[in-house]
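Okay, structure first, notes after.
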Amino acid sequence: MAKSVPSKDKTRFVCQECGGSFPRWNGRCGACGGWNTLVEEKIVPEAKGAAARFVVEQEGRPRGLAEIDLSQAPRIATGLAEFDRLLGGGIVPGSVTLIGGDPGIGKSTLLLQVAHRLATQGHKPLYISGEESLAQIRMRAQRLGLSSDTALRVGGENRLEAVLELLQQNPPALTVIDSVQTLFTSALESAPGSVAQVRECAQELTRHAKQAGITLFLVGHVTKEGTLAGPRVLEHIVDTVLYFEGDTGSSFRLIRAFKNRYGAVNELGVFAMTDKGLKGVNNPSALFLNRDEREAPGSCVVVALEGTRPLLVEIQALLDATHSPSPRRLTVGLDGNRLAMLLAVLHRHGGIACYDQDVFVNAVGGVKITEPAVDLAVAMAVVSSLKNKSIPYHLAVFGEIGLAGEIRPVQRGQERLKEAAKLGFTEALCPKANLPRGKIAGMRVSGVGSLAEALEYFRNL
Ligand SMILES: Nc1ncnc2c1ncn2[C@@H]1O[C@H](COP(=O)(O)OP(=O)(O)O)[C@@H](O)[C@H]1O
Ligand SMILES: [Mg+2]
Ligand SMILES: [Zn+2]
């Protein structure tokens, strides 16, 4: 389709739905009829004839497994232990990482800290900000107590071509671009912050970083309004995607590895926002438990697995007689559809009816739990609230619930049990298939194979 475009045009508009290509922007795709699907793209000239045959780069040349060089540069430990763990054991040299999150959540703070730490280790990081003035950055560094006599260089630039020039002149080992939404290239007519600009800039930077072996961190804002292109369009371009979770109201910050070519996906880093910047939290489970209060109906502790680390999180349910023909089902930090499914299973296989109840379920501390291992704890919390009978605090629960009312095993049960025991839980309820072979010191473990058995266990509490 590109062939129909007049050769003087350097860009085209491509439908993100059907791939249709047009020389001019239009609100509606002429091919599939989709609205607002056209995004500007740079036209890469097609090579003709013999030149069109690809030159296989030395780097990617096929070879036997034994010929492949394993002597990679080791990971760089920043010394921010929680951040290193989140990445899978430090920064991989030459990798490209996207850090997304709401404005004000701490992206700039974190990356200034990281860049500064690398500078004190003898690397030469470059921090480029299109968002703040250089004076503001220096003031932040002062507030964070970062010394100014390091190799850290700070630049204020938002033209892509100028940034690329900077990277070529004096290649830094690590570069931070804060943010990718303020960057723009003159090759496109689209406005800075648009999908087209954000994607083109990120692609160019990534290409250059990979060629030059530069470690790249891209900051991206997540906006609900959609006026700025969200970082989601960049996820497939980069190696690693980190997202800040939770809200800016709390002093804790959760960072999740949403994608990681070099480490465990879903890994969670827990930080506290202090006036000296982000500090890793050593014992994050304490954050998600509400343990200083007395036992209350509707509360049940789950052993969730976030990335490679088990995490104890209190699940709270509140059921209240509804005054509406369609009762409310609301979840915070949990999957709403999953709750609807669990309520149906509770009804069909447990005889527990909630159709006259509003149901609210919350994961304490603003953490998001996506794994089905939380099912059993959610069901227990719901029943506990409905029956107004509390679950003892020393009990930790995990297990997936199937549509047939069966309790399905989850991965790494043994580790979950050990973590719960370590944190002082003396009792655990888990899927039968997850029962440990040996004893877990200080803990009584009960296994259940069906929802009926779990409800029986609850009645005997
Ligand atoms: N002068 C200050 N004193 C203490 N904390 C501050 C100060 N200024 C900003 N902060 C903290 O830093 C956060 C802003 O972080 P920042 O890294 O700029 O966010 P982002 O880059 O994600 O928009 C604020 O939410 C606040 O918690
Ligand atoms: Mg910022
Ligand atoms: Zn289309």
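We count ligands from 1, going down the list as the structure has it; atoms in each ligand are counted the same way. The structure displayed is predicted, hence computed values, not measured ones. Atoms considered below: every heavy atom in the structure, side chains included; atoms not considered: hydrogens, waters and symmetry mates.
At the top of the distance list for atom 19 (O) of ligand 1, counting protein heavy atoms only, stands G106 N, 3.1 Å.
Atoms of ligand 1 found under 4.0 Å from any heavy atom of T109, numbered from 1 in the order shown, are 15 (O), 16 (P), 17 (O). Atoms of ligand 1 lying under 4.0 Å from at least one heavy atom of M273, given by number and element, are 12 (O), 13 (C), 27 (O). Within ligand 1, counting atoms from 1 as listed, the ones closer than 4.0 Å to a heavy atom of S108 are 17 (O), 20 (P), 21 (O).
The existence of a salt bridge linking E235 and K259 is excluded, since no basic side-chain nitrogen approaches an acidic carboxylate oxygen closer than 4.0 Å. Between E371 and R416, at least one side-chain N (NZ, or NE/NH1/NH2) sits under 4.0 Å from a carboxylate O, which counts as a salt bridge.
Protein N/O/S atoms found under 2.8 Å from the Mg ion (ligand 2): S108 OG. Around the Zn ion (ligand 3), the protein atoms of type N, O or S that sit closer than 2.8 Å are C15 SG, C18 SG, C29 SG, C32 SG.
Distance check on atom 26 (C) of ligand 1: every protein heavy atom falls at or beyond the 4.0 Å cut-off.
For E415, the CD atom sits in a packed shell: over 12 heavy atoms of surrounding residues, nucleotides or ligands are nearer than 6.0 Å.
Between the side chains of E131 and S179, at least one donor-acceptor pair of N or O atoms lies under 3.5 Å. Side-chain contact check for H394 and E427: at least one donor-acceptor pair (N or O, by modelled atom type) lies under 3.5 Å. A side-chain donor-acceptor contact under 3.5 Å links N260 and T240. Residues E314 and S299 bring a donor and an acceptor atom of their side chains to less than 3.5 Å of each other. The closest side-chain donor-acceptor pair between H123 and T215, if any, does not fall under 3.5 angstrom.
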Inset, instruction - Any chance you could lay out the salt bridge (charged side-chain N to carboxylate O under 4.0 Å, His left out) test for K279 and E82, step after step, and finish with the verdict? - result: CA-CA 8 Å; K279 288 207 160 69; E82 193 67 7; over 6 Å; no
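With ring centers used as reference points, F258 lies under 6.0 Å from Y243.
In the candidate list G104, G100, S179, G277, G104 is nearest to atom 13 (C) of ligand 1, counting heavy atoms.
Contact between P103 and ligand 1 is present, with at least one heavy atom of the residue lying under 4.0 Å from the ligand. Within the structure, the closest approach of R140 to ligand 1 falls below 4.0 Å when heavy atoms are considered.
By the 4.5 Å heavy-atom criterion applied to side chains, L305 and R412 are counted as neighbours.
When non-hydrogen atoms are compared, ligand 1 lies under 4.0 Å from the side chain of R143 (C-beta onward) but not from its backbone.
Checked against a 3.5 angstrom limit, the closest N/O atoms of E132 and ligand 1 fall outside it.
If you run side-chain contact (heavy atoms from CB on, under 4.5 Å) between D239 and each of L216, L98, V92, V96, only V96 comes through. A side-chain contact (heavy atoms from CB on, under 4.5 Å) with L111 is found for one member of I177, T97, I99 and no other, namely I99.
In this structure, Q357 contributes its side chain and D320 its backbone to a donor-acceptor pair below 3.5 Å.
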